[in-house]
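Okay, so here's the structure we're looking at.
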Amino acid sequence: MAEIAGKRIVLGVTGGIAAYKAAELTRLLVKAGATVDVVMTEAATRFVSAVTFQALSGRPVWSSLWSDENRSMAHIDLTRGADAVLVAPATADFLARLAHGMANDLLTTLCQARDCPLLVAPAMNRQMWEQPATQRNVAQLAADGVAVLGPAAGEQACGEVGEGRMLEAQEVFDALVAFVQPKPLAGKKVMLTAGPTFEALDPVRGLTNTSSGKMGFALARACAEAGAEVTLVAGPVCESQSSRYAAKRIDVVSALEMRDAVLAALPGQDVFIAVAAVADYRPASPSEHKIKKGAQTLSIELVANPDILAEVAARPDAPFCVGFAAESRNLAEYAEGKRKAKKLPLVVGNLVQDGLGGDTNQVTLFDATGAHPLPAGDKLAVARGIVSHIERLMKCPE
Ligand code: PMT
């Protein structure tokens, strides 16, 4: 379950075609255990009925400063004790009114009267988004501390193509979950490696492994959620994986490229987490041309790759280093062996059969005090557990 259970979110819905996405967003939030109080502008009720949000949230829906069904102080009460106000979709008109401190309906009034963070997910036609006035308003809101989510580019309801689409409900949900997480790594810089490496044999073939990068990308996201500035050095992973949480992503192919990228980005890093399944060996002399079939046997000489993690951990200015160990047996012995050999404060051990390629993982954390198993779960939940442990160790080194 996403870590938003028990939070109370005030979801503002303004009048745009993307209002339908707010219904899905409400469903995602409620399913994750959040309490959602929906506040609609009058225009929003023209696009989606209040009854839809009432049914999805299981709570009354608010839309007017004046109507009888509302508490007289709804504009104050609704945000007291709330964890965040999220306005999705936020129209150009709403953003303009908000940026100018107007309070001429329930939603703008409660935004002005709130004592909790405010997030907005803009949604409008591309020309409206590009208007200097809209850009000024959004810049002003960002300067005022409002978190602006998106917008995305793509096909619009009006048939035009460009920037201005509201993010998808799942993307807004993910951003909100990230936003409400505690920020124990605020001000810290974290670099991670993720995925496999590919060691060329010839122009079309090579040695690699089945690491998908999912564990490394999940950890990058968990670190960013915890407030860190993340640099992600990724081997050749599936295109569809999102790295939008990383402030910087560096794509590499081979172990040597990964090493160069890590060493170049190392200065100033507080934490280095080596999640990548780096090839231990590479072909000594990759063929310039495709190796032709014919011979019954083929010998390939391999040479050892540098151990990136060991090299980083051995530096006098080493950041807090975390290693991973994927083993098919004797997990505790091998993981602890790697921890001691590379002089690491923490090694995350996982069985190959649990962690490689899939969406879930089961890990045990090995540090100077012993072995700490984490509950099995999806890789993001596991990553959040690892980040909490890193944060504890950094605060109180053994
Ligand atoms: O990508 P997924 O499909 O989500 O799978 C995740 C994973 C199983 C690959 C990941 O959780 C994991 O366990 N990664 C480490 C794999 C491993 O066992 O690596 P290793 O034993 O070869 O190396 C130990 C540590 O040294 C690792 O932190 C590795 O990144 C690092 N290393 C190893 C070799 C090398 N040349 N340079 C390194 O930095």
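Remember, it's 1-based here, ligands and their atoms both numbered in the order they're listed.
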Quick one: do Glu311 and Arg315 satisfy salt bridge (charged side-chain N to carboxylate O under 4.0 Å, His left out)? Show the steps, please. CA-CA 7 Å; Glu311 196 171 334; Arg315 290 169 78 109; 5.4 Å; no

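Of the possible donor and acceptor atoms, none in the side chain of Glu327 sits under 3.5 Å from a partner among the backbone N and O of Gly349.
A continuous path of Ile, Leu, Val, Met, Phe, Trp and Tyr side chains, each step under 4.5 Å between heavy atoms, connects Leu29 with Met166, placing both in one hydrophobic cluster. By the criterion of side-chain heavy atoms lying less than 4.5 angstrom apart, applied directly or through intervening Ile, Leu, Val, Met, Phe, Trp or Tyr residues, Val180 is grouped together with Val36 in one hydrophobic cluster. Under the 4.5 Å side-chain heavy-atom criterion for grouping Ile, Leu, Val, Met, Phe, Trp and Tyr, Val13 is not connected to Leu56 through any hydrophobic cluster. Cluster membership for Leu86 and Val48, using ILVMFWY side-chain heavy atoms within less than 4.5 angstrom, is shared.
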Extract all N/O-N/O pairs under 3.5 Å that connect ligand 1 to the protein, and present each with both atom names and the distance rounded to 0.1 Å.
{"from": "ligand 1", "atom 1": "1 (O)", "to": "Ser211", "atom 2": "OG", "distance (Å)": "2.7"}
{"from": "ligand 1", "atom 1": "1 (O)", "to": "Ser212", "atom 2": "N", "distance (Å)": "3.1"}
{"from": "ligand 1", "atom 1": "1 (O)", "to": "Gly213", "atom 2": "N", "distance (Å)": "2.7"}
{"from": "ligand 1", "atom 1": "3 (O)", "to": "Ser212", "atom 2": "N", "distance (Å)": "2.8"}
{"from": "ligand 1", "atom 1": "3 (O)", "to": "Ser212", "atom 2": "OG", "distance (Å)": "2.7"}
{"from": "ligand 1", "atom 1": "3 (O)", "to": "Gly357", "atom 2": "N", "distance (Å)": "2.6"}
{"from": "ligand 1", "atom 1": "4 (O)", "to": "Ser212", "atom 2": "OG", "distance (Å)": "3.4"}
{"from": "ligand 1", "atom 1": "4 (O)", "to": "Lys214", "atom 2": "N", "distance (Å)": "3.4"}
{"from": "ligand 1", "atom 1": "4 (O)", "to": "Met215", "atom 2": "N", "distance (Å)": "2.8"}
{"from": "ligand 1", "atom 1": "4 (O)", "to": "Lys379", "atom 2": "NZ", "distance (Å)": "2.7"}
{"from": "ligand 1", "atom 1": "5 (O)", "to": "Gly355", "atom 2": "O", "distance (Å)": "3.4"}
{"from": "ligand 1", "atom 1": "11 (O)", "to": "Asn350", "atom 2": "OD1", "distance (Å)": "2.7"}
{"from": "ligand 1", "atom 1": "13 (O)", "to": "Asn350", "atom 2": "ND2", "distance (Å)": "2.9"}
{"from": "ligand 1", "atom 1": "14 (N)", "to": "Val275", "atom 2": "O", "distance (Å)": "2.8"}
{"from": "ligand 1", "atom 1": "18 (O)", "to": "Ala326", "atom 2": "N", "distance (Å)": "2.8"}
{"from": "ligand 1", "atom 1": "21 (O)", "to": "Lys338", "atom 2": "NZ", "distance (Å)": "2.2"}
{"from": "ligand 1", "atom 1": "26 (O)", "to": "Lys342", "atom 2": "NZ", "distance (Å)": "2.8"}
{"from": "ligand 1", "atom 1": "28 (O)", "to": "Ala274", "atom 2": "O", "distance (Å)": "2.6"}
{"from": "ligand 1", "atom 1": "28 (O)", "to": "Phe324", "atom 2": "N", "distance (Å)": "2.8"}
{"from": "ligand 1", "atom 1": "28 (O)", "to": "Phe324", "atom 2": "O", "distance (Å)": "3.4"}
{"from": "ligand 1", "atom 1": "30 (O)", "to": "Ala274", "atom 2": "O", "distance (Å)": "3.3"}
{"from": "ligand 1", "atom 1": "30 (O)", "to": "Ala276", "atom 2": "O", "distance (Å)": "2.6"}
{"from": "ligand 1", "atom 1": "36 (N)", "to": "Pro306", "atom 2": "O", "distance (Å)": "2.9"}
{"from": "ligand 1", "atom 1": "37 (N)", "to": "Ile308", "atom 2": "N", "distance (Å)": "3.0"}
{"from": "ligand 1", "atom 1": "39 (O)", "to": "Leu309", "atom 2": "N", "distance (Å)": "2.9"}

